[in-house]
Asks: 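Please see the structure below; I have some questions.
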Amino acid sequence: MTHTHPRLIKLAALPVGAPDTDHPKPDRLVQGNPLRETWNLVQDHLPAGEVFCGVWRCQPGRWRIAMGPTERELFTVLSGVCRVHDATGGFEQTGPGEGLYIPPGFAGEFEVLEPLTKTYMICE
C-alpha cells in the first residue's frame with residue numbers, strides 16, 4: 001500500500017513562474033482598469049466545495065465584488081494598501097501585516113490604493 005504524505009506549500013511575495021493575468025470585468029469597474037496577477041498555488045476539492053490559495057498582485061483601481069452564498073475569502077496584505085467597501089458605505093482599510101475576512105454573501109467594492117500584494121485563501 002502506497003501512502004502519500006501531505007506537503008507544505010510556501011507562499012512568497014515574489015512567486016516563481018508566470019501568473020494568470022486579468023482585469024476587472026467592465027461592468028464591475030468603478031475606477032481605473034487595474035492589471036491583476038494571480039499565482040493560484042492550491043486548488044483542492046473538498047467534500048462540500050473547493051479551496052483556492054495563492055498570491056495575488058494588483059495595481060490601483062476599484063471594482064464591485066460579490067461573494068457567492070458559500071464563498072468566503074481570507075487574505076493577508078504583504079505590501080500595499082487596499083480598502084474593502086460594504087454596501088452601507090463603510091469600509092475596512094488593510095495594509096502590510098494585516099488580514100481581512102470577507103464572508104459569504106458579501107457585496108461591495110474592492111479598492112486598491114497602492115500597488116498590492118496579498119496571500120489569499122478562498123473557500124466555496
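Residue numbers start at 1 and run along the sequence shown. This is a predicted model, so every value here is computed, not measured. Excluded from the calculations below are hydrogen atoms, water molecules and symmetry mates; all remaining heavy atoms, backbone and side chain alike, are included.
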Asks: To the nearest 0.5 Å, what is the distance between CZ (Phe110) and CG (Leu116)?
Replies: 5.5 Å
Asks: Keeping the roles fixed (side chain from Arg83, backbone from Glu109), state whether a donor-acceptor pair exists under 3.5 Å.
Replies: no
Asks: Does any part of the side chain of Thr70, heavy atoms only, come nearer than 4.5 Å to the side chain of Pro104, both counted from C-beta?
Replies: no
Asks: To the nearest 0.5 Å, tell me how far Glu114 CD sits from Cys58 SG.
Replies: 13.0 Å
Asks: Check the orientation of Phe91 and His85. Use parallel for under 30°, tilted for 30 to 60°, and perpendicular for over 60°.
Replies: tilted
Asks: Quick one: are Trp63 and Val112 in side-chain contact, heavy atoms under 4.5 Å?
Replies: yes
Asks: Do His45 side-chain atoms and Glu50 backbone N/O form a donor-acceptor pair below 3.5 Å?
Replies: no
Asks: Nearest 0.5 Å please: distance from the CG atom of Leu78 over to the CG atom of Leu11.
Replies: 8.5 Å
Asks: What are the two closest non-hydrogen atoms of Ser79 and Pro96, and how far apart are they?
Replies: CA-CG, 4.1 Å
Asks: Of all heavy-atom pairs between Pro115 and Gln59, which one has the smallest distance, and what is that distance?
Replies: CG-OE1, 3.9 Å
Asks: Hey, what do you get for CG (Leu14) to OG1 (Thr117), rounding to the nearest 0.5 Å?
Replies: 7.5 Å
Asks: May I ask you to test the Trp56-Ile122 pair for a side-chain heavy-atom distance under 4.5 Å?
Replies: no
Asks: Please give me the minimum heavy-atom distance between Ala18 and Trp39, naming the atom from each residue.
Replies: C-NE1, 3.8 Å
Asks: Side chains of Asp86 and Thr88: any donor to acceptor distance under 3.5 Å?
Replies: yes
Asks: Look up atom CD in Gln31 and atom CD in Glu111, then write down how far apart they are to the nearest 0.5 Å.
Replies: 6.0 Å
Asks: Provide the closest heavy-atom pair for Val51 versus Met121 in the form atom of the first, atom of the second, distance.
Replies: CG2-CE, 3.2 Å
Asks: Start with the C-alpha gap between Gln93 and Leu113, add the side-chain angles, then the distance that decides, and say whether side-chain contact (heavy atoms from CB on, under 4.5 Å) holds.
Replies: CA-CA 9 Å; Gln93 183 165 309; Leu113 301 169; 3.8 Å; yes
Asks: I need the minimum non-hydrogen distance between Val30 and Arg64, along with the two atoms involved.
Replies: CG2-NH1, 3.5 Å
Asks: So Asn40 and Tyr120, side-chain contact (heavy atoms from CB on, under 4.5 Å) or not? Walk me through it.
Replies: CA-CA 9 Å; Asn40 196 56; Tyr120 64 87; 2.7 Å; yes
Asks: Could you check if a side-chain atom of Arg72 sits within less than 4.5 angstrom of a side-chain atom of Pro103, using non-hydrogen atoms only?
Replies: no
Asks: Using side-chain heavy atoms (C-beta onward) and a distance below 4.5 Å, is Glu98 in contact with Glu92?
Replies: no
Asks: Can you see which heavy atom on Glu71 is nearest to which on Ala66, and at what distance?
Replies: OE1-O, 4.1 Å
Asks: Would you say Pro60 and Val81 make side-chain contact, with heavy atoms under 4.5 Å?
Replies: no
Asks: side-chain contact (heavy atoms from CB on, under 4.5 Å), that's the test. Do Val84 and Phe75 meet it? Break it down for me.
Replies: CA-CA 12 Å; Val84 178; Phe75 68 83; 4.2 Å; yes
Asks: When you compare the side chain of Pro24 with that of Asn33, does any pair of heavy atoms fall below 4.5 Å?
Replies: yes
Asks: When hydrophobic residues are tied together by side-chain contacts of less than 4.5 Å, even through go-betweens, does Leu100 share a cluster with Val55?
Replies: no
Asks: I need the Arg57 CZ to Thr21 OG1 distance, nearest 0.5 Å.
Replies: 11.5 Å
